[in-house]
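These notes are about the structure you will find just below.
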Amino acid sequence: MKKLLYILIALLFVSSAQAQDTPISEANDFYQKGEYDKAIKSYEFVLETHIEAPEIYFNLANSYYKTGQIAPAILNYERAKLLSPEDEDIQYNLKMAQAHVLDKLEVLPELFVKRWVSGIRNAFSADLWSYLSIGLFFLCLLFGCFYLYSNKVGLKKAGFFFAGVCFLLSVLTYSFASKKTEEITDRKYAIIFSPSVTIKGSPDVSGTELFLLHEGTKVKVTEQLGDWLNIQLSDGNKGWLKKEDIEMI
């Protein structure tokens, strides 16, 4: 009787896993067959069930790009990049999509140190930085044991030195993981979705018209006032637009 019960439970788990995997498999089938409109609907359905993965966003972005929808393609490439910043295919396809955007914005120069630190932090995902931080902390404890319990002066000195180094690196990688997690959970960047939008000097329809932006342009949201958002561009320009004109990354 117990044996039969175990078999029934196993079958239940297998059927449950297969049912969960069906929407993703269906979307992948449409994508591989080149039926991109159907693939878009299927991938969007999967994302509505709160299942996220860089591969899903990447294939969805490719499907949008293949159907000539540049703004949604850029949006989903950016989302894929957040989850997998080291993926070269995502970076390359994102640049290809950005080449179709009408607005060519200059990027304000950053301090070398800030740019260097950002480059290191963006080299890996939040999960990988977390694993490195945990691993380095355990190494810190290991070298600490050498320092506390070794009878040899050389081992005690080496243990103290390497324990300190591993501790500092553990704190550093933890800060990288926290920053990457914050970027994923507290998203501040968005993509313009309207064909064109006039940026205002104040959050109202009668505000001074500052400049024009087009779909696909990436902006940073710095403030919200009702249905209006204050945005900043990579060249430093700021202004207000309606919330309905953008989609948060």
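At least one side-chain heavy atom of Leu94 sits less than 4.5 Å from a side-chain heavy atom of Ile74. In this structure, Glu44 and Leu60 have side chains that are in contact, with non-hydrogen atoms separated by less than 4.5 Å. Counting heavy atoms from C-beta on, the side chains of Tyr65 and His100 come closer than 4.5 Å.
At distances below 3.5 Å, not a single donor-acceptor pair connects side-chain atoms of Gln91 with backbone N or O atoms of Asn93. Checked by atom type and distance alone, the side chain of Ser196 never pairs as donor or acceptor with a backbone atom of Glu215 at under 3.5 Å. Between the side chain of Lys200 and the main chain of Val205, a donor-acceptor pair closer than 3.5 Å is present. At least one donor-acceptor pair closer than 3.5 Å links the side chain of Ser130 to the backbone N or O of Ala126. The closest donor-acceptor contact from the side chain of Lys188 to the backbone of Ile249 lies at 3.5 Å or more, if one exists at all. Here the side chain of Ser170 pairs a donor or acceptor atom with the backbone of Ser133 at under 3.5 angstrom.
Asp29 CG to Glu35 CD: the interatomic distance, rounded to the nearest 0.5 Å, is 9.5 Å. Separating the CG atom in Asn237 from the CG atom in Leu105 is a distance of 8.0 Å, to the nearest 0.5 Å. The distance from atom CD1 of Ile40 to atom NZ of Lys66, rounded to the nearest 0.5 Å, is 12.0 Å. Rounding to the nearest 0.5 Å gives a distance of 10.5 Å between CD of Glu244 and CG of Leu229. Atom NZ of residue Lys38 and atom OG of residue Ser63 lie 13.5 Å apart, to the nearest 0.5 angstrom. Rounded to the nearest 0.5 angstrom, Leu132 CG and Asp127 CG are separated by 11.0 Å.
Here the closest heavy-atom approach between residue Ala190 and residue Val221 is recorded as CB-CG2, 4.3 Å. In terms of heavy-atom proximity, Ala123 sits nearest to Glu86 at O-CB, 3.1 Å. The two residues Tyr31 and Ala39 come nearest to each other via the heavy atoms N-CB, 3.8 Å. Heavy-atom minimum distance, Ser42 versus Ala27: CB-CB, 3.4 Å. Smallest separation of non-hydrogen atoms from Asp204 and Ser206: OD1-OG, 2.8 Å. Shown here for Thr222 and Ile231, the closest heavy-atom pair between the two residues is OG1-N, 4.4 Å.
Heavy atoms from other residues, nucleotides or ligands lying under 6.0 Å from CE of Met248 number more than 12. Annotation for Asp186: atom CG counts as buried by contact number, over 12 foreign heavy atoms lying within 6.0 Å. Enclosure of atom OH in Tyr131 is not indicated, since only 12 or fewer non-hydrogen atoms of other residues, nucleotides or ligands lie within 6.0 angstrom. Enclosure of atom NZ in Lys242 by more than 12 non-hydrogen atoms of other residues, nucleotides or ligands within 6.0 angstrom is indicated.
The only option from Asp87, Ile90, Asn122, Asn76 that meets the side-chain contact (heavy atoms from CB on, under 4.5 Å) definition with Lys81 turns out to be Ile90. Exactly one of Tyr36, Tyr57, Tyr77 qualifies for a side chain to side chain donor-acceptor pair (under 3.5 Å) with Asn62. That residue is Tyr77.
With sequence neighbours excluded, the residues satisfying salt bridge (charged side-chain N to carboxylate O under 4.0 Å, His left out) with Glu78 are Lys218. In terms of the salt bridge (charged side-chain N to carboxylate O under 4.0 Å, His left out) criterion, Glu223 has no residue partners (sequence neighbours excluded). Applying the side chain to side chain contact (heavy atoms under 4.5 Å, CB included) test to Leu102 and every residue at least two apart in sequence or in another chain returns His214.
A continuous path of Ile, Leu, Val, Met, Phe, Trp and Tyr side chains, each step under 4.5 Å between heavy atoms, connects Leu83 with Tyr64, placing both in one hydrophobic cluster. The same ILVMFWY cluster, assembled from side-chain heavy atoms under 4.5 Å apart, contains both Val117 and Leu128. Grouping the Ile, Leu, Val, Met, Phe, Trp and Tyr side chains by contacts below 4.5 angstrom, directly or via other members, places Val219 with Phe211. Leu212 and Ile246 are not part of a single hydrophobic cluster, where members link through side-chain heavy atoms under 4.5 Å apart. When hydrophobic clusters are built by joining Ile, Leu, Val, Met, Phe, Trp and Tyr residues whose side-chain heavy atoms come closer than 4.5 Å, directly or via intermediates, Ile70 is not grouped with Leu213.
The ring pair (Phe, Tyr, Trp, His ring centres under 6.0 Å) analysis of residues 223-249, with sequence neighbours excluded, yields no pairs. Under the ring pair (Phe, Tyr, Trp, His ring centres under 6.0 Å) criterion, the residue pairs touching residues 167-205 are Trp129-Phe176, with sequence neighbours excluded.
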Problem set entry | Asn59 and Tyr43: CA distance, side-chain angles, deciding distance, side-chain hydrogen bond (donor to acceptor under 3.5 Å, both in side chains) verdict | CA-CA 8 Å; Asn59 288 348; Tyr43 283 127; 3.1 Å; yes
For this session: Take Arg79 and Arg187 through the test side-chain contact (heavy atoms from CB on, under 4.5 Å) and record every step on the way to the result.
Result: CA-CA 10 Å; Arg79 288 174 174 172; Arg187 303 184 185 185; 3.8 Å; yes
Expected list for residues 139-159: side-chain donor-acceptor pairs under 3.5 angstrom, two or more places apart:
from, atom 1, to, atom 2, distance (Å)
Ser150, OG, Lys152, N, 3.2
Lys156, NZ, Tyr147, O, 2.5

